[in-house]
Structures are given as C-alpha cells and as structure tokens.
Amino acid sequence: MKLVGISGAIIGNKTAIVVQKVLEEVKKLDPEIETELLDMKEYDVQFCDGRDPSAYTGDTKKVIDSVASSDFCLIGTPIYQASMSGVLKNLFDLIPPSALQQKVIGFVATGGTYQHYLVIENQLKPIAGFFRSYVAPGYVYVHDDHFNEFKEIKDPDVLERIERLAAELVFMQKRLKTAE
C-alpha cells in the first residue's frame with residue numbers, strides 16, 4: 001500500500017511539516033505502508049489548461065502519476081484568504097477524477113487564524129465528494145501558535161489529532177482493501 005502525502009504550498013514549510021508528521025505516524029502504525037511526500041514547492045507544475053491529463057509532461061506528469069498511483073492520500077494546504085492554496089486547486093484541476101475515486105483521503109491545513117479550520121469542512125471535503133473519495137472523519141488544523149521557534153509542532157492536542165488521523169487513514173485503507 002502506498003500513501004502519498006501532498007503539501008499544497010510553494011512557500012514556507014509548515015504545511016509540509018504537518019503532512020510529514022502524519023506520514024511518520026502512519027509508518028509507526030504499519031511500517032510496511034510505503035509513504036511519499038509530494039511537496040509541491042519541489043515541482044514546476046503547469047497551470048491546468050483543460051487538456052487531457054495524460055498530455056502533460058515533465059513535473060506535471062510526475063505529480064499526476066504520483067497521485068494516480070497512490071492507494072490513499074493525505075492532502076495538506078495552507079489557508080490563504082479563507083481558501084485552499086492556488087497550487088492545490090490547480091492540482092485538483094489537473095488530476096483526472098479517476099485518480100482519487102474510491103480512495104481514502106485525509107486532510108490537514110495550516111493557517112494564521114483559528115477560524116480557518118472550516119475551510120476543510122466547507123471546501124476540501126466537497127472536492128473529495130466530487131472525486132468520489134472516502135474521507136477520514138477527522139482532520140488536523142494547525143495554527144501558527146502550535147509551532148515552536150524551531151517550527152516543530154508543540155501543542156499536545158494537535159499531536160494527538162495527528163496520531164488519530166494517521167490511525168483513521170490506516171484503519172479505513174485496510175478495511176477498504178479487506179472488502180475488495
């Protein structure tokens with residue numbers, strides 16, 4: 001089984017830190033699960049222009065193929081102007097709906113205000129519905145205050161939610177595979 005964690009940011013590293021932490025917790029639960037961090041700032045992805053996803057090349061093709069080849073996904077985004085990042089929206093536009101269909105998805109987000117956690121409920125979960133994905137019931141929102149000066153997550157409640165999300169992802173994915 002392969003879990004791809006997506007950090008939908010091209011600046012900063014807090015979102016990637018949170019995504020990586022969930023991936024680490026998944027590995028603790030089941031070391032046989034292959035994990036991959038897809039940090040969008042490391043790729044030169046084209047803007048979606050409506051062509052068939054298979055027609056893209058270079059980094060854009062690599063990113064599409066990575067998501068499509070995953071068994072399940074963890075998607076992270078910083079929150080800008082009460083919405084997901086443009087990078088993540090572009091990725092959602094690039095990947096074919098079949099790439100996430102009937103796959104388990106978990107969500108994490110980072111932001112500078114405590115109200116932005118609702119973006120997961122109001123924007124990200126409906127997109128998962130469009131893709132016909134199975135969504136983990138829990139999610140993690142991490143505010144700037146939850147990090148210490150070394151950009152490590154310091155808040156024990158956030159760390160507990162990260163562990164719970166990892167457990168939900170593994171549980172749901174294993175149950176889904178058992179049912180097939």
Open item on the list: Between the side chains of Glu24 and Lys28, is the shortest nitrogen-to-carboxylate-oxygen separation below 4.0 Å, so that they form an ion pair?
Closed with: no
Open item on the list: To check you understand the geometry: which heavy-atom pair defines the closest contact between Asp155 and Val158, and what is its length?
Closed with: OD1-N, 3.0 Å
- [ ] Report, as yes or no, whether the 6.0 Å neighbourhood of atom NZ on Lys27 holds more than 12 heavy atoms from other residues, nucleotides or ligands.
- [x] yes
Could you list the donor-acceptor pairs under 3.5 angstrom formed by side chains in residues 135-145, with sequence neighbours left out?
{"from": "Tyr141", "atom 1": "OH", "to": "Thr113", "atom 2": "O", "distance (Å)": "2.4"}
{"from": "His143", "atom 1": "ND1", "to": "Asp145", "atom 2": "N", "distance (Å)": "2.8"}
{"from": "His143", "atom 1": "NE2", "to": "Gly112", "atom 2": "O", "distance (Å)": "2.9"}
{"from": "Asp144", "atom 1": "OD1", "to": "Lys14", "atom 2": "NZ", "distance (Å)": "3.3"}
{"from": "Asp145", "atom 1": "OD2", "to": "Tyr114", "atom 2": "OH", "distance (Å)": "3.3"}

- [ ] Verify the neighbour count for atom CD of Glu152: are there more than 12 heavy atoms of other residues, nucleotides or ligands below 6.0 Å?
- [x] yes
Open item on the list: Would you compute the distance between atom SG of Cys73 and atom CD of Gln173 and round it to the nearest 0.5 angstrom?
Closed with: 9.5 Å
Task: Donor-acceptor side-chain pairing of Asp49 and Tyr56 below 3.5 angstrom - done: yes
- [ ] With rounding to the nearest 0.5 Å, note down the distance linking NZ in Lys62 to OH in Tyr43.
- [x] 7.5 Å
Open item on the list: Give me the atom names and distance for the closest heavy-atom approach of Ile64 to Pro53.
Closed with: CD1-O, 3.9 Å
Task: Hphob cluster co-occupancy, Ile162 + Ile33, side-chain heavy atoms under 4.5 angstrom - done: yes
Open item on the list: Counting only heavy atoms not in Lys2 (residues, nucleotides, ligands), do more than 12 fall under 6.0 Å from its NZ?
Closed with: yes
Open item on the list: Would you say that more than 12 heavy atoms from the other residues, nucleotides or ligands in this model lie under 6.0 Å from the CD1 of Ile10, or not?
Closed with: no
TODO: Taking atom CD of Glu149 as the centre, report whether more than 12 heavy atoms of other residues, nucleotides or ligands fall under 6.0 Å from it.
DONE: yes
Open item on the list: Grouping I, L, V, M, F, W and Y whenever their side-chain heavy atoms are under 4.5 Å apart, do Ile105 and Phe171 come out in a common cluster?
Closed with: no
Open item on the list: Can you confirm whether Asn13 sits close enough to Ser7 that some side-chain heavy atom of one is under 4.5 Å from a side-chain heavy atom of the other?
Closed with: no
TODO: Can you measure from NZ (Lys21) to CG (Leu74) and round to the nearest 0.5 angstrom?
DONE: 13.5 Å
Task: Non-hydrogen side-chain atoms of Val18 and Phe147 separated by less than 4.5 Å - done: yes
TODO: Check each of Val45, Leu91, Asp65, Asn90 against Thr60 using the side chain to side chain contact (heavy atoms under 4.5 Å, CB included) test, and report the only one that passes.
DONE: Val45
Open item on the list: Check whether Thr77 reaches the backbone of Ser85 with its side chain - one donor and one acceptor, N or O, closer than 3.5 Å.
Closed with: yes
- [ ] Step by step, work out the side-chain contact (heavy atoms from CB on, under 4.5 Å) result for Val108 and Val19.
- [x] CA-CA 7 Å; Val108 300; Val19 171; 3.6 Å; yes
Open item on the list: Can you give me the closest heavy-atom contact between Phe107 and Ala128, atom names plus distance?
Closed with: CZ-CB, 4.0 Å
Open item on the list: Would you say Ile17 ends up clustered with Val87 if hydrophobic residues are merged whenever their side chains have heavy atoms under 4.5 Å apart, either directly or through other cluster members?
Closed with: no
Open item on the list: Pairing donors with acceptors under 3.5 angstrom, does anything connect the side chains of Thr15 and Thr110?
Closed with: yes
Quick one: side chains of residues 120-127, donor-acceptor pairs under 3.5 Å with protein atoms, not counting sequence neighbours, listed by atom name and distance.
{"from": "Glu121", "atom 1": "OE2", "to": "Lys125", "atom 2": "NZ", "distance (Å)": "3.0"}
{"from": "Asn122", "atom 1": "ND2", "to": "Leu118", "atom 2": "O", "distance (Å)": "3.3"}
{"from": "Gln123", "atom 1": "OE1", "to": "Ser83", "atom 2": "OG", "distance (Å)": "2.9"}
{"from": "Gln123", "atom 1": "NE2", "to": "Ala82", "atom 2": "O", "distance (Å)": "3.0"}

- [ ] Kindly indicate whether the side chain of Gln46, heavy atoms from C-beta on, has any atom under 4.5 Å from the side chain of Leu94.
- [x] no
TODO: Please list all pairs passing the salt bridge (charged side-chain N to carboxylate O under 4.0 Å, His left out) test where one or both residues lie in residues 81-101, with sequence neighbours left out.
DONE: Lys89-Asp93
Task: Pairwise distance CD1(Ile79) to CD(Gln115) - rounded to 0.5 angstrom - done: 12.5 Å
Task: Glu42 CD to Asp59 CG distance, which is reported to the nearest 0.5 Å - done: 10.0 Å
Task: Cluster overlap Phe92 with Phe72, hydrophobic side-chain contacts below 4.5 Å - done: no
Task: Minimal non-hydrogen separation, Gly8 against Pro78, with atom names - done: O-CD, 3.2 Å
TODO: Please check if Met40 and Val119 belong to a single hydrophobic cluster, counting links between Ile, Leu, Val, Met, Phe, Trp and Tyr side chain heavy atoms closer than 4.5 Å.
DONE: yes
Open item on the list: If I take atom CG from residue Leu3 and atom CG from residue Leu169, how far apart are they, to the nearest 0.5 angstrom?
Closed with: 6.5 Å
TODO: Using the salt bridge (Lys or Arg N to Asp or Glu O under 4.0 Å) rule, take Glu168 and Arg164 through it: C-alpha gap first, then chi angles, then the decisive distance, then the call.
DONE: CA-CA 6 Å; Glu168 288 174 1; Arg164 248 190 341 260; 5.3 Å; no
